[in-house]
Amino acid sequence: MSRLAGRFAELRAAGRAALVPFVTAGDPTPDVTRRLLPRLVEAGADIIELGVPFSDPMADGPVIQRAGERALAAGMTLSGVLDLARGFRANDRSTGLVLMGYLNPIVAMGHARFAAAAAAAGIDGVIVVDMPPEEGEPLLAPLREHGIDPVFLLSPTTSVERMRRIAQEASGFLYYVSLKGITGAGHLDAASVAEALARVRGVSALPVGVGFGIADADTARRIASVADAVVVGSAIVRRVEQALDDPERIPDRVGGFVADLRSAVDAAKRGAPDAAERAEPGSAKR
Amino acid sequence: MSDSIELSNRPAVLGGAWPDAAGRFGEFGGRYVAETLMGPIEELAAAYERFSSDPEFQAEFRAELRDFVGRPSPLYHARRLSETVGGAQLWLKREDLNHTGAHKVNNTVGQALLATRMGKTRIIAETGAGQHGVATATVAARLGLECVVYMGEEDVHRQAPNVYRMRLLGAEVRTVTSGTRTLKDALNEAMRDWVTNVDDTYYIIGTVAGPHPYPRMVRDFNSVIGREARAQILERTGRLPDAVVACVGGGSNAIGAFHAFLDDPDVELHGVEAAGDGLESGRHAAPLSVGRPGVLHGNRTYLMQDADGQIEGTHSVSAGLDYPGVGPEHAWLKDIGRAVYTSATDSETLAAFERLTRIEGIIPALESSHALAHAEKLASARSRTGIVIVNLSGRGDKDIPTVAALQGIEDLPG
């Protein structure tokens, strides 16, 4: 069982939703990220999404765009991100670590070389925003060979037929993008998310995370009542940005916010109808 | 020329119908986009498939090209320039005489008709030199559609006349301040808009890049250029040209000019990239000349990128060529050897710009001047009986402030 699958099984048994904070690796410097990652775990992260900066982040809003620009200016590269992951993994064997980024840096490194290096660095899953399953073959084979879960996004525009196809290629978890738009946009509608999750669960037994637009603890709590994982990105990166004048404070400041999110997620009333109706072999009753 | 606006990638060329169903030209092209865009792009591909073979749609497109754009555009024998260069005869395909002053309008007319048939009420576009933005704002005005154009901050400054034209036409011009503040960043921003407003918005991409079906669709709408030119040169000279030359940024005018000649093996096809300060300087926009394959803006193609796969900034005197990628069909034509790709520097380009202006009384766009610079070299190495067609993709009115500044003239009247 992969580390991600194991973590979701534990959480399910405990009746909790996973908390998945996102940070851009190297924002504002690799050293800050190095100190921040263990703080995210102390604050209650189950899985960390580590953003790989890219010069042309087409699916990201201004907050994560600026984070990527800061990281690139600080010399961050895909190899550098893997170095950070390896350092983190040396002291933490249990927290899930998922890379999220765009395809071209992976193409530049070489698909097979990337998969091997990511596995060696302790990466558990990879999300490539601009790689739909139709274009995935060159990367999916080496990822699977190295035991890394390919995680795919689903969106409000994804048909049930596509969901089924995507779910066949995915492992670890599915990531439902809660709104039409870019990261950090607008406000999401918890009721329509619940409806969408019911559709996803109709086609797949994989855990489902929800992200894009979860900006505060209250929204996190509402999403945690229906989703298996709550992903928070821009709201965290914004707190990094607000502390740029004193980078020493970034780990504490972000850690405090993530701790608030943890409390909110754990306060969620799990076992709402959508979740309870889920028929899945071997899953514990929530 | 009644058949000269037929759409679709039939009949087959080069032994097949390109791109294939997955949008591939060999190993290039494809559909690399975020999941939110996959549904809308499949919808677009299906709509294009349906309407491009619909006789009513074709008739409407044909009528718009004739009555609104002013097609066919002339094929002009540049006799004095040919004499000056001393070699093959240079013929100019006058896309600069189209309404709005460039080939870009061929595509925007076609896509805007498609948008209205799909029930979309809002049009967005990216622009570099502003020619595509102007062409988009123009058809949006013509069809009564809301229009938003994204333009990099640097281009907003150096193409000020076109910014004002777009605003006059009722479009909103949004200045893009992210990344390198040029065309690629405008494209990123337009994609972000589209992903956010997919329900009512149609994104008119201005070049043969982007995810499938854009490279095919933009090519089809521009392929009228080559079909006209081929018929015109046969009518005027009784034979095919020795070479067809076009500038390549994203590559829409070049693919439009080349396509009708792909199955004429004796016709050389030359694409000319922007060498900027020179290929060795690192300040250029020549991915086919010195880049390597990667994935950007929805397709796999040649890119200017660093060892880590980050996209590099580009430089060219012409905003329209200032793009680090290139249409996937060009990448494929390069790899199979059907077209050759070369480059012209800023200074070679400016010399060609001045020569055409003085000798023929035609002020070309700086983009098209790259093609002229290379065509003059080609012509000078051939006999007087040779024929070289240059796609004069746009007119230079928009570039007058840039050229004036380079000549040290700072206070243009008006």
Side-chain angles (χ1 to χ4, degrees), chain A residues 52-62 65-66 68-69 72 75-81 101-110 114 127-136 138 152-159 161-163 165-166 174-177 179-183 185-186 212, chain B residues 21-24 27 29-43 176-180 183-201 210-212 292-301 303-313 324-325:
Chain A
V52 181
F54 181 51
S55 53
D56 292 79
M58 284 182 298
D60 285 303
Q65 286 174 47
R66 287 195 296 266
E69 289 179 9
L72 290 173
M76 207 68 228
T77 61
L78 179 53
S79 299
V81 177
Y102 294 80
L103 186 53
N104 202 51
I106 294 173
V107 172
M109 182 178 280
F114 164 74
I127 304 170
V128 185
V129 177
D130 56 348
M131 188 191 76
E134 287 87 342
E135 305 287 1
F152 284 98
L153 304 181
L154 304 172
S155 89
T157 59
T158 307
S159 65
E161 190 184 325
R162 272 192 69 76
M163 281 184 184
R165 173 167 186 184
I166 292 168
L174 291 165
Y175 184 152
Y176 181 73
V177 173
L179 42 79
K180 293 175 192 171
I182 50 181
T183 53
F212 282 43
Chain B
R24 294 270 167 189
E27 63 168 292
R31 197 179 261 168
Y32 296 87
V33 294
E35 178 57 27
T36 311
L37 285 180
M38 284 301 285
I41 278 180
E42 285 175 347
E43 182 197 351
V176 176
T177 56
S178 56
T180 58
L183 179 54
K184 80 174 175 73
D185 308 286
L187 215 153
N188 292 337
E189 210 54 47
M191 284 272 184
R192 291 178 187 125
D193 181 316
W194 196 28
V195 88
T196 307
N197 301 294
V198 290
D199 293 333
D200 68 344
T201 296
H212 177 62
R292 59 179 207 282
V295 173
L296 178 70
H297 293 154
N299 68 99
R300 179 180 164 83
T301 188
L303 299 173
M304 287 181 55
Q305 54 180 316
D306 68 14
D308 188 45
Q310 306 296 337
I311 306 306
E312 291 182 318

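All chains are named by letter (A, B, ...) in the order of the sequence lines, taking the proteins before the strands, and each is independently numbered beginning at 1. Note that the coordinates shown come from a computational prediction; the quantities given were computed from them, not determined experimentally.
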Exercise. Under a 4.5 Å heavy-atom cut-off, does chain B meet the side chain of A/Ser159, its backbone, both or neither?
Worked result: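 Nothing of A/Ser159, per the 4.5 Å heavy-atom cut-off to chain B.
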Problem set entry | Part of A/Pro53 lying under 4.5 Å from any heavy atom of chain B | backbone
Problem set entry | Option that, when pairs with chain A are counted at under 4.5 Å, heavy atom only, ranks first among B/Asp306, B/Asp193, B/Asp199 |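 Most pairs with chain A among the choices: B/Asp199.
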For this session: Tell me, out of B/Glu312, B/Glu43, B/Lys184, who's got the most heavy-atom pairs with chain A below 4.5 Å.
Result: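 Max contact count across the listed options: B/Lys184.
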Residue part contacting chain A, namely of [X], when any heavy atom lies under 4.5 Å:
| X | result |
| --- | --- |
| B/Leu187 | neither |
| B/Glu42 | side chain |
| B/Ala307 | backbone |
| B/Pro211 | neither |
| B/Asn197 | neither |
| B/Gln305 | side chain |
| B/Ile311 | both |
| B/Val33 | backbone |

Exercise. Between the side chain of A/Glu135 and the main-chain N/O of B/Arg31, is any donor-acceptor distance below 3.5 Å?
Worked result: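 Flag set: sc A/Glu135 to bb B/Arg31 pair under 3.5 Å.
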Exercise. Is a side-chain donor or acceptor of B/Arg192 paired with a backbone partner of A/Asp60 at a separation under 3.5 angstrom?
Worked result: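 Here the side-chain-to-backbone pair exists.
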Any side-chain heavy atom of [X] within less than 4.5 Å of one from [Y]?
| X | Y | result |
| --- | --- | --- |
| B/Gln310 | A/Leu72 | yes |
| A/Met58 | B/His297 | yes |
| A/Asp56 | B/Asp185 | yes |

For this session: Would you please name every residue forming a side-chain contact (heavy atoms from CB on, under 4.5 Å) with B/Val295, sequence neighbours left out?
Result: A/Leu103, A/Asn104, A/Val107, A/Asp130, B/Tyr32, B/Arg300
For this session: Using the test side-chain contact (heavy atoms from CB on, under 4.5 Å), find all partners of A/Val52 that sit at least two apart in sequence or belong to another chain.
Result: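 Listed in chain order: A/Leu78, A/Val81, A/Leu99.
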Exercise. Which distance, rounded to the nearest 0.5 Å, do you find between the CZ of A/Phe54 and the CG of B/Asn188?
Worked result: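 Between A/Phe54 CZ and B/Asn188 CG, I get 8.0 Å after rounding to 0.5 Å.
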Exercise. In Å, rounded to the nearest 0.5 Å, how long is the span from OG of A/Ser55 to CG of B/Asp308?
Worked result: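 Going from the OG atom of A/Ser55 to the CG atom of B/Asp308 covers 9.0 Å.
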For this session: Give the member of A/Met131, A/Glu69, A/Arg162 that has the highest number of heavy-atom pairs under 4.5 Å with chain B.
Result: A/Arg162
Problem set entry | Closest-packed option against chain B by number of heavy-atom pairs under 4.5 Å, given A/Ile166, A/Val128, A/Val129 |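 When all of A/Ile166, A/Val128, A/Val129 are compared, A/Val129 has the most.
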Problem set entry | For the student: nearest non-hydrogen atoms of B/Arg292 and A/Ala108, plus distance |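 Answer, listing the atom of B/Arg292 first, then A/Ala108: NH2-CB, 3.7 Å.
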For this session: For A/Ser155 and B/Glu35, run side chain to side chain donor-acceptor pair (under 3.5 Å): C-alpha distance rounded to whole Å, both residues' side-chain angles, the deciding distance at 0.1 Å, then the answer.
Result: CA-CA 6 Å; A/Ser155 89; B/Glu35 178 57 27; 5.2 Å; no
